[in-house]
Colleague: 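One structure coming up, written as structure tokens, with questions to follow.
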Amino acid sequence: MKILIINGPNINLLGTREPEIYGTLTLEEINEKLRSYANDKGIELETFQSNIEGEIVDKIQQAKNNCDGIVINPAAYTHTSVAIRDAISAVGLPCVEIHISNIHRREEFRRHSFIAPVCIGQIAGFGLDSYRLGIQAVINYIESN
Ligand code: CA2
């Protein structure tokens, strides 16, 4: 089983600013911990980050041929991107939307997600564990469908 982890814009800045919201781990450190988590479960992980909407759309389209599921933190594109939503819907892979912070207890504009309706579920507010829970949710879904 292979799962693709996608991170959207500015997630490459993790660990440098706003640690009270996003924690102190860098994206590389997060990816390393997720690789070890996935390895223990015997699954393959691919990680991808882009600040560019079209690159994320391309990556989702390509995943149709070589991945079994997607865990995505669309970052700010959560609240704006019909293109990413349409790509997820088009490939038909099980996808979990995750957020490091609890988007529902922040500014009003973060409460709306264009992405959540085409995902099997959404996880928000658990930092690094949001990614781990997202991976586990995709595995459980694939194994029971
Ligand atoms: O909580 C999350 O995971 C978010 O997806 C993070 C996005 C935000 O736009 C979403 O509403 C919620 C922002 C990521 C920006 O990350 C930064 C990291 C360090 C310094 C500044 C921004």
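Owing to the predicted nature of the structure, the values given are computational and were not obtained by experimental measurement. Counting from 1, the numbers follow the sequence of the chain as shown. When a ligand or atom number is given, it counts from 1 through the structure's own listing order.
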Colleague: Can you tell me which residues line ligand 1 if we count any heavy atom under 4.0 angstrom from one of its atoms, in chain and number order?
Modeller: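 Contacts of ligand 1 under 4.0 Å: N10, I11, L13, L14, R17, E18, Y22, N73, A75, A76, H79, H99, I100, S101, I103, R110.
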Colleague: So do the side chains of Y77 and I115 get within less than 4.5 Å of each other, counting heavy atoms only?
Modeller: no
Colleague: Can the positive tip of K41 be found less than 6.0 Å from the middle of the six-membered ring of Y37, inside 45° of the ring normal?
Modeller: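 Pair K41/Y37 counts as cation-pi.
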Colleague: Apply salt bridge (Lys or Arg N to Asp or Glu O under 4.0 Å) to E18 and list each qualifying residue two or more places apart in sequence or on a separate chain.
Modeller: none
Colleague: Hey, are the side chains of I103 and Q122 touching, using non-hydrogen atoms and a 4.5 Å cut-off?
Modeller: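 Yes, at least one pair of side-chain atoms sits under 4.5 Å.
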Colleague: What residues form a ring pair (Phe, Tyr, Trp, His ring centres under 6.0 Å) with Y22, not counting sequence neighbours?
Modeller: none
Colleague: Which residue pairs satisfy the ring pair (Phe, Tyr, Trp, His ring centres under 6.0 Å) criterion with at least one member in residues 84-117, sequence neighbours excluded?
Modeller: H112-F114
